[in-house]
Amino acid sequence: MAFQIPRGTQDILPGDSEKWQYVEQVARELCSRYGYREIRTPIFEHTELFLRGVGDTTDIVQKEMYTFEDKGGRALTLRPEGTAPVVRAFVEHKLYGSPNQPLKLYYSGPMFRYERPEAGRFRQFVQFGVEALGSGDPAMDAEVMALAMHIYEALGLKRIRLVINSLGDLDSRRAHREALVRHFSGRIDELCADCQARLETNPLRILDCKKDRDHELMATAPSILDYLNDESRAYFEKVKHYLAMLGLPFVIDARLVRGLDYYNHTTFEIMSEAEGFGAAATLCGGGRYNGLVEEIGGPEMPGIGFALSIERLLAALEAEGVELPTGEGIDCYVAALGERAKEEAVRLVYQLRRAGLRVDQDYVGRKLKAQLKAADRLKAAFVVMIGDEELDKQIATVKEMASGEQTNVPFGELASFFTERTRREGE
RNA sequence: GCGACUAUGGCGAAGUGGUUAACGCACCAGAUUGUGGCUCUGGCAUGCGUGGGUUCGAUUCCCACUAGUCGCCCCA
């Protein structure tokens with residue numbers, strides 16, 4: 001093999017690309033319905049943005065960034081996530097001054113993380129995400145979660161679960177952090193090396209450790225929910241209230257911490273409950289990030305958003321047996337016999353395409369039999385056959401492939417013949 | 001980044017230290033002189049992930065690399 005695709009990346013070939021288009025189209029339409037508009041930001045940003053935005057104690061920053069220096073000596077990074085760039089654009093273009101508040105945005109595009117690939121995990125993957133900036137209303141939280149769930153349901157996913165938690169505001173987090181340090185510090189040597197380091201850097205993440213999950217200290221560890229101050233508790237109650245009002249079932253997981261530093265108050269994930277989803281069961285992750293806009297250099301402004309992976313979404317659809325369009329099938333295949341007929345076919349194919357039909361013909365010198373076979377393979381609804389007889393009479397032989405029935409249609413009437421037929425079938 | 005397993009034609013999949021690498025699907029041709037889907041016949045890997053090594057000889061043994069899968073970590 002001369003060349004291989006870089007590790008953890010993938011080509012999306014015809015047959016699959018149609019599924020991507022469909023899924024993205026559904027997501028875009030729903031975003032539009034909810035009042036979100038698309039924003040497109042660069043694939044790479046200054047490294048500093050992610051250090052500040054994502055947090056330099058996170059795994060993403062510490063070991064997963066594709067960072068490089070350009071010829072001008074600038075430190076750049078292929079974006080590992082979408083929120084920091086969107087907030088950067090929001091601040092840079094002073095969109096906080098827009099009369100439309102909150103500003104509701106969505107994006108779709110590749111993200112890059114230097115990770116060991118496995119099922120559902122890639123080095124380049126596509127996230128579809130939304131960010132609502134400028135609202136600290138718990139109803140906003142509910143809307144964002146509702147939109148994510150709506151996208152999945154619209155595509156036909158049934159076996160999904162919404163998991164939520166609250167990290168509270170800064171004061172609550174600080175109080176909880178202190179409680180965690182107090183709880184673990186006496187016996188920290190009983191936990192794994194990572195957790196020992198986390199005690200210093202980010203004790204909250206200890207709760208998320210899979211290795212020490214069953215340790216007795218975990219079960220007795222102080223829950224963030226017990227350290228929410230009145231304001232944070234009230235906020236979380238409101239969020240739950242709105243979700244209930246919307247009829248959105250959810251479960252609370254006090255250990256749902258999420259991997260990015262900027263989260264506070266509401267965090268959530270949507271998981272697939274279909275079989276075969278291990279590490280990649282998280283289809284969507286999101287949360288509130290009040291304070292991030294300020295961190296990036298803007299005014300104090302709340303925000304909330306989510307990001308979902310298209311790869312995992314497609315995997316979940318596959319696991320649940322949901323059929324997606326494959327782009328197969330054409331309206332008509334024009335088969336020609338002989339040189340004269342070939343010329344007529346070339347003209348006819350173009351004419352029918354101009355009339356709005358999906359039409360194709362032979363370009364590799366197939367005989368009639370092979371042309372019919374090719375038409376069958378292309379899932380053509382009809383085949384137009386042209387030979388000397390047809391040319392003399394200016395009447396084509398038209399075969400309906402499903403039934404095998406043949407009729408004669410004058411050349412001049414072919415376009416309207418097919419337009420009528422295909423339109424009827426499409427409805 | 002760590003551990004384990006895997007790598008044969010377009011796809012799936014047998015197989016062996018020694019001249020010709022099963023089989024199925026797909027594809028191409030013919031039986032059908034102007035007609036697809038069924039059937040029959042024939043064709044289709046100077047090649048067994050890449051690079052080294054052992055050997056008289058390797059697709060088969062060893063090493064490295066690359067890639068995939070699974071577990072860990074973490075996430076989308």
Side-chain angles (χ1 to χ4, degrees), chain A residues 1-10 13 54 57-64 79-83 108-129 148 192-195 197-198 202 205 208-213 256-260 268-272 276-286 305-316 333 335-338 341 364-391 396-406:
Chain A
M1 225 172 293
F3 287 104
Q4 270 181 299
I5 196 169
R7 183 165 214 199
T9 65
Q10 50 182 353
L13 305 177
V54 176
T57 66
T58 60
D59 277 14
I60 288 179
V61 166
Q62 287 194 335
K63 52 185 199 189
E64 295 174 1
R79 62 184 184 191
E81 61 100 46
T83 300
S108 180
M111 303 296 165
F112 305 84
R113 290 183 201 171
Y114 191 88
E115 292 191 276
R116 188 85 177 256
E118 54 181 88
R121 167 176 300 167
F122 307 93
R123 291 186 170 182
Q124 176 177 333
F125 57 100
V126 175
Q127 279 190 341
F128 186 98
C192 72
D194 285 341
C195 283
R198 287 177 185 133
N202 196 343
R205 298 211 58 79
D208 206 32
C209 182
K210 307 294 186 294
K211 215 174 281 178
D212 295 320
R213 157 169 274 162
L256 182 63
V257 164
R258 315 256 340 121
L260 290 73
F268 66 96
E269 283 187 4
I270 297 169
M271 332 266 291
S272 171
F277 277 80
T282 300
L283 303 180
C284 171
F306 70 72
L308 63 86
S309 151
I310 305 284
E311 289 84 355
R312 289 186 183 179
L313 168 54
L314 288 169
Y333 188 95
L337 287 99
V364 293
R366 288 187 178 95
K367 294 190 286 192
L368 180 66
K369 184 180 168 63
Q371 291 186 51
L372 263 295
K373 205 170 178 182
D376 189 49
R377 234 182 346 240
L378 291 171
K379 294 190 165 56
F382 295 93
V383 171
V384 171
M385 282 176 279
I386 309 169
D388 289 336
E389 289 175 33
E390 286 82 359
L391 283 175
T397 301
V398 176
K399 176 169 187 166
E400 183 175 14
M401 294 299 271
S403 64
E405 283 173 25
Q406 295 192 181

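Residue numbers begin at 1 in each chain, while the letters A, B, ... track the order of the sequences.
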(request) Classify the nucleic acid contact of A:Leu378 as base, sugar-phosphate or nothing, counting any heavy atom under 4.0 Å across all strands shown. (result) nothing
(message) Once side-chain contact (heavy atoms from CB on, under 4.5 Å) is applied, do any residues pair with A:Glu115, and if so which ones, sequence neighbours excluded?
(response) A:Glu64, A:Arg113, A:Arg121
(request) List in chain and number order the residues that pass side chain to side chain donor-acceptor pair (under 3.5 Å) with A:Ser272, two or more places apart in sequence or in another chain; answer none if no residue qualifies. (result) none
(request) State, to 0.1 Å, how close A:Ala374 and A:Tyr333 come at their nearest heavy-atom pair, and which atoms those are. (result) CB-OH, 3.9 Å
(message) Using a 4.0 Å heavy-atom cut-off, does A:Ile60 contact any base of the nucleic acid, only the sugar-phosphate backbone, or nothing at all?
(response) nothing
(request) For B:C73 versus B:A13, give the span between their C1' atoms, rounded off to a whole number of Å. (result) 35 Å
(message) Rounded to whole Å, please give me the gap between CZ in A:Phe112 and P in B:C74.
(response) 24 Å
Under 3.5 Å, which N/O atoms of the protein pair with N/O atoms of nucleotides 31-37 of chain B?
from	atom 1	to	atom 2	distance (Å)
B:G34	O6	A:Glu389	N	3.4
B:G34	O6	A:Glu389	OE2	3.2
B:G34	N1	A:Glu390	OE1	2.9
B:G34	N1	A:Glu390	OE2	3.1
B:G34	N2	A:Glu390	OE2	2.8
B:U35	O2'	A:Lys399	NZ	3.3
B:U35	O2	A:Lys399	NZ	3.1
B:U35	O2	A:Gln406	OE1	2.9
B:U35	N3	A:Gln406	OE1	2.5
B:U35	N3	A:Gln406	NE2	3.4
B:U35	O4	A:Gln406	NE2	3.2
B:G36	OP1	A:Lys369	NZ	2.9
B:G36	O2'	A:Asp376	OD2	3.4
B:G36	N7	A:Lys399	NZ	3.0
B:G36	O6	A:Met401	O	3.3
B:G36	N1	A:Met401	O	2.4
B:G36	N2	A:Asp376	OD1	2.9
B:G36	N2	A:Met401	O	3.2
B:G36	N3	A:Asp376	OD1	3.4

(request) Sequence neighbours left out, what passes salt bridge (charged side-chain N to carboxylate O under 4.0 Å, His left out) with A:Lys369? Give chain and number order. (result) none
(message) Between A:Leu260 and A:Tyr114, which residue's closest nucleotide on RNA chain B lies nearer the 5′ terminus?
(response) A:Tyr114
(message) Over all strands shown, is A:Tyr333 touching base, sugar-phosphate only, or nothing at heavy-atom distances under 4.0 angstrom?
(response) nothing
(message) Please report the distance, rounded to the nearest Å, between CZ in A:Arg366 and P in B:C27.
(response) 10 Å
(message) For A:Ala315, give me all partners under side-chain contact (heavy atoms from CB on, under 4.5 Å), at least two apart in sequence or on another chain.
(response) A:Phe277
(message) Restricting to salt bridge (charged side-chain N to carboxylate O under 4.0 Å, His left out), what partner residues turn up for A:Glu390, sequence neighbours left out?
(response) none
(request) Indicate, with a heavy-atom threshold strictly under 4.0 Å, whether A:Ala375 touches base, sugar-phosphate, or nothing. (result) nothing
(request) For A:Glu269, check salt bridge (charged side-chain N to carboxylate O under 4.0 Å, His left out) against everything at least two apart and list the hits. (result) A:Arg258
(request) Go through the structure and list residues passing salt bridge (charged side-chain N to carboxylate O under 4.0 Å, His left out) with A:Arg116, not counting sequence neighbours. (result) none
Under 3.5 Å, which N/O atoms of the protein pair with N/O atoms of nucleotides 65-69 of chain B?
from	atom 1	to	atom 2	distance (Å)
B:U66	O2'	A:Gln4	OE1	3.0
B:G68	OP1	A:Gly8	N	3.0
B:G68	OP2	A:Arg7	NE	2.8

(message) Test of understanding: with ring-ring contact (aromatic ring centres under 6.0 Å, His included), list the residues that count as partners of A:Phe306, not counting sequence neighbours.
(response) none
(message) At 4.0 Å (heavy atoms only), tell me whether A:Glu115 reaches a base, stays on the sugar-phosphate, or touches nothing.
(response) base
(message) If the condition is side-chain contact (heavy atoms from CB on, under 4.5 Å), which residues does A:Gln406 pass it with, not counting sequence neighbours?
(response) A:Met385, A:Thr397, A:Lys399
(request) Give the nucleotide from the list B:A76, B:C74, B:C28 with an atom nearest to the side chain of A:Arg312. (result) B:A76
(request) List the atom of A:Glu311, the atom of A:Val126, and the distance in Å for their closest heavy-atom pair. (result) OE2-N, 2.9 Å
(request) Please measure how far the C1' atom in B:U59 lies from the corresponding atom in B:U54, and state the result in whole Å. (result) 16 Å
(message) Taking Watson-Crick (N1-N3 plus N6-O4 or O6-N4) and G-U wobble (N1-O2, O6-N3), each under 3.5 Å, can you produce the dot-bracket string of RNA chain B? Use [ ] for crossing pairs and | for inter-strand ones.
(response) (((((((..(((.....[....))).(((((.......))))).....(((((..]....))))))))))))....
